[in-house]
Amino acid sequence: MLTSVALCLVGVLSIIQASPKSECIEGPNSPSDYDSWMSQITAQKKKDLDSISYNGSIFEVPAIQWTQSSFIQPQMHGYDAYFYDINTHSYTYDKWNQDLITRYGGIDAFLFWVTYTNIGADDRNQFEMNLAIPGQMKALQAMVEYFHSLTPPIHVLFPYNPWDTGTHDSGNPDYITMAQFLNDTGGDGFNGDTMGSIPEDFYTYSRDKYGHPIALEPEGGGSLQSMNWDTMGWGYWTPYAYKPYVGKWKWYDARRMTNVCDRWAQNRSDDIQNAYFNGLGYESWENVWGCWNGITPRDGEAIRRAGTIMRYFGNRANNPMAQNFTQDLGWLPFVPVIDSTNAGAVFASQFTVQNGTDNQQVLFLMVNRVNKDISNMAITFKNTFTVSTINAYDCYYGKALTPTMKNGDISVNVDIEGLGYGAVLVTFDSRSKNTDLDKFLTEMNTMTQKPLSSYDWTWKYLLQEMKRIEATELYDKAPTENMSTIPWGIFYFNNTGVEIEGNDYEGVDIQYPFEMHPQREHKQYMTIDKFYMDTYPVTCSQYSKYLESSKYSPTDSYNYLKNWKYDDTTKTYTYPDGYANKPVTYVSLNEARLYCASVGKRLPHSYEWQYAAQGNLSMYSYPWGNSQGMGTKFPQQQHGRTIPGPEDVD
């Protein structure tokens with residue numbers, strides 16, 4: 001058996017799950033309450049913004065204006081099978097990106113995550129762990145450069161884990177280390193894991209030291225004070241109400257981006273509708289710490305349609321002919337324009353550009369909160385246009401509407417799908433004169449030929465197949481010295497995943513061959529055949545002899561035999577003095593398998609390892625009983641921010 005894992009304590013992790021009331025505003029009780037409700041939330045906004053001397057200048061910084069139209073952003077992991085091919089040892093950015101385009105219309109930014117849950121395996125800190133990918137810093141730089149080269153660019157965020165206080169000390173405050181890391185990689189900003197808000201130093205130091213203004217994205221959504229320096233955040237808005245929420249920071253400044261997030265949701269309609277109603281973004285997270293919570297085809301199609309509308313009216317492409325509707329500082333949520341028959345089912349927000357001029361345009365974004373199609377719904381609002389000829393378009397279905405004018409009002413009639421989305425543009429402009437508008441409407445018309453209800457809304461587990469460990473030659477007795485005989489036995493395998501969130505219903509953890517789907521709890525009676533196992537872990541001396549005979553050289557030498565000495569001239573590794581009888585560490589799983597094969601052995605299955613260590617008397621926590629015996633039965637627990645190194649195997 002080969003062991004290669006050491007543990008390093010990290011700071012306590014607390015999961016941010018903000019109450020919707022802390023970052024959301026509930027809508028009016030009814031359309032008749034709209035005016036008083038609007039007066040109240042407008043007065044509160046002014047009071048709060050005045051209290052922090054808010055001027056919105058952070059949104060005028062060119063380098064981070066992209067956050068205002070970054071509507072779809074997944075958190076992803078660097079070990080995604082579509083992102084890196086382990087067979088060709090190459091990154092497959094286009095394959096990963098194209099898959100997202102195919103399934104839900106693509107993304108505007110992504111959070112590249114490789115730290116948690118890997119952090120703590122040794123004493124590497126979060127910044128060092130970010131380099132634990134094939135190619136290290138050069139690979140990170142190439143990744144950022146690739147996604148920035150796309151049209152429009154896709155922006156890249158990295159994680160910041162403030163709870164990482166037990167690993168290697170970088171020697172500087174984290175805001176300094178993070179600024180240097182983002183400057184070196186070219187990254188656009190970071191997500192503040194578990195943080196309700198992010199200190200201003202992170203922004204100002206990066207801006208002043210490197211001339212690199214960065215986007216700050218607190219997981220907890222941000223705070224009133226931090227509106228002066230962060231431009232985006234996540235939104236945990238569950239549990240949802242029937243009526244959509246109003247994003248508080250969006251109401252305070254429409255340029256502030258929130259990515260609504262519920263990573264374990266299997267039906268994502270509430271998240272998408274709440275984001276769309278506000279002209280906000282959605283966190284299209286599927287790979288949750290290595291557990292797959294896939295987006296259903298129906299939700300994927302909803303994201304595609306909502307995202308396409310948002311990108312056009314948020315001017316994602318920075319088109320000089322387009323307007324930034326969703327950044328309208330005077331936007332109006334819950335505007336009472338829906339006819340009385342449908343006012344309890346459909347809710348609308350209004351965004352206006354060039355208000356009061358001949359170039360005025362008005363956009364209504366609507367969500368239908370009932371699972372029933374609505375036909376010929378009337379939208380009526382006051383005519384504030386200064387031109388006599390106006391056009392109206394159903395931007396969801398991509399077709400022209402016929403506006404009617406009566407008693408100073410404008411009315412149009414539209415259809416909206418059950419639990420669906422609507423968008424109406426009223427404008428001086430016309431698709432015959434505006435080729436970009438015509439292209440957008442044509443795209444939406446094509447996209448919506450099939451109703452959302454025709455797409456499958458069934459969530460499914462991503463089934464796993466455990467890789468078979470090939471059997472070795474059969475032996476009548478231990479083939480080498482220092483092997484212990486593990487007798488035949490009937491064993492109750494009882495193993496529980498240590499994930500701090502998620503459950504069997506969500507497909508957390510792994511799937512054994514005797515299970516129907518991935519799950520956290522693994523319990524199975526099994527018959528274990530007699531086998532032989534090394535009594536002690538593989539030593540540095542043994543591994544050194546293997547290197548000498550095999551001439552093995554790693555494809556990627558990062559962190560390989562990190563605590564050995566490497567001679568660049570002879571291309572050889574030498575273990576330190578006194579390490580001959582210590583277990584070899586800092587080798588990969590594949591390198592462990594290669595070593596085992598070279599001596600006619602293999603790594604044990606997890607249930608074989610547990611059976612050998614625990615025995616078949618599952619009433620005991622340890623082979624010797626229920627007392628832990630720390631320091632007498634196994635190595636003493638270590639403290640501090642660096643790992644002192646392994647003890648001798650015996």
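By convention here, the first residue in the shown sequence is residue 1.
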Within the 3.5 Å criterion, strictly below it, is a donor on [X] or [Y] matched to an acceptor on the partner's side chain?
| X | Y | value |
| --- | --- | --- |
| Thr585 | Asn563 | yes |
| Tyr595 | Gln542 | no |
| Tyr552 | Glu591 | yes |
| Thr177 | Ser170 | yes |
| Glu499 | Trp289 | no |
| Thr231 | Thr67 | yes |
| Trp163 | Asp193 | yes |

Please report the shortest heavy-atom distance between [X] and [Y], naming the atom on each side.
| X | Y | value |
| --- | --- | --- |
| Ile107 | Ser284 | CG2-OG, 4.5 Å |
| Tyr579 | Cys540 | O-CB, 3.1 Å |
| Asn97 | Leu150 | ND2-CD1, 3.9 Å |
| Asp648 | Gly578 | OD1-O, 4.4 Å |
| His212 | Ser206 | O-OG, 2.7 Å |

Using the six-membered ring wherever Trp is involved, compare the ring planes of Tyr611 and Phe531 and label them parallel, tilted or perpendicular (cut-offs 30° and 60°).
->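 Correct class here is tilted.
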
Parallel, tilted or perpendicular for Tyr607 and Tyr512, by the 30°/60° rule?
->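 The rings of Tyr607 and Tyr512 sit tilted, inter-plane angle from 30° to 60°.
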
Say you draw a straight line from CZ of Arg124 to OG1 of Thr115; how long is it, rounded to the nearest 0.5 Å?
->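 The CZ atom of Arg124 sits 11.5 Å away from the OG1 atom of Thr115.
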
Do you know which of Phe112, Tyr93, Trp96 makes ring pair (Phe, Tyr, Trp, His ring centres under 6.0 Å) with Tyr146?
->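 Option passing the ring pair (Phe, Tyr, Trp, His ring centres under 6.0 Å) with Tyr146: Tyr93.
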
Determine which pairs satisfy side chain to side chain donor-acceptor pair (under 3.5 Å) with at least one residue from residues 79-90, sequence neighbours left out, and list them in order.
->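 Listed by first then second residue: His77-Tyr79, Asp80-Asn287, Thr88-Ser90.
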
For residues 127-136, tabulate all N or O donor-acceptor pairs below 3.5 Å that involve a side-chain atom, not counting sequence neighbours.
unit_1	atom_1	unit_2	atom_2	d
Glu128	OE1	Asn125	N	2.8
Glu128	OE1	His168	ND1	3.3
Glu128	OE2	His168	ND1	2.8
Asn130	ND2	Gln126	O	3.3
Gln136	NE2	Ile133	O	2.8
Gln136	NE2	Asp556	OD2	3.4

Asp577, CG: over 12 other non-hydrogen atoms inside 6.0 angstrom |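 Not more than 12 within 6.0 Å, no.
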
Greater than 12 external heavy atoms within 6.0 Å of Tyr210's OH =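 Above 12, so yes.
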
Let me know which of Tyr492, Phe514, Phe491 forms a side-chain contact (heavy atoms from CB on, under 4.5 Å) with Gln524.
->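 Among Tyr492, Phe514, Phe491, the one that satisfies the side-chain contact (heavy atoms from CB on, under 4.5 Å) with Gln524 is Phe514.
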
Just jot down the side chain to side chain contact (heavy atoms under 4.5 Å, CB included) partners of Val649, sequence neighbours excluded, or say none.
->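 Val649 satisfies side chain to side chain contact (heavy atoms under 4.5 Å, CB included) with Tyr536, Pro537, Thr539, Asn581, Pro583 once adjacent residues are dropped.
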
Donor-acceptor pair, side chain of Gln141 and main chain of Asp184, under 3.5 angstrom =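 Yes; judged by distance alone, with no hydrogens or angles, the pair exists.
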
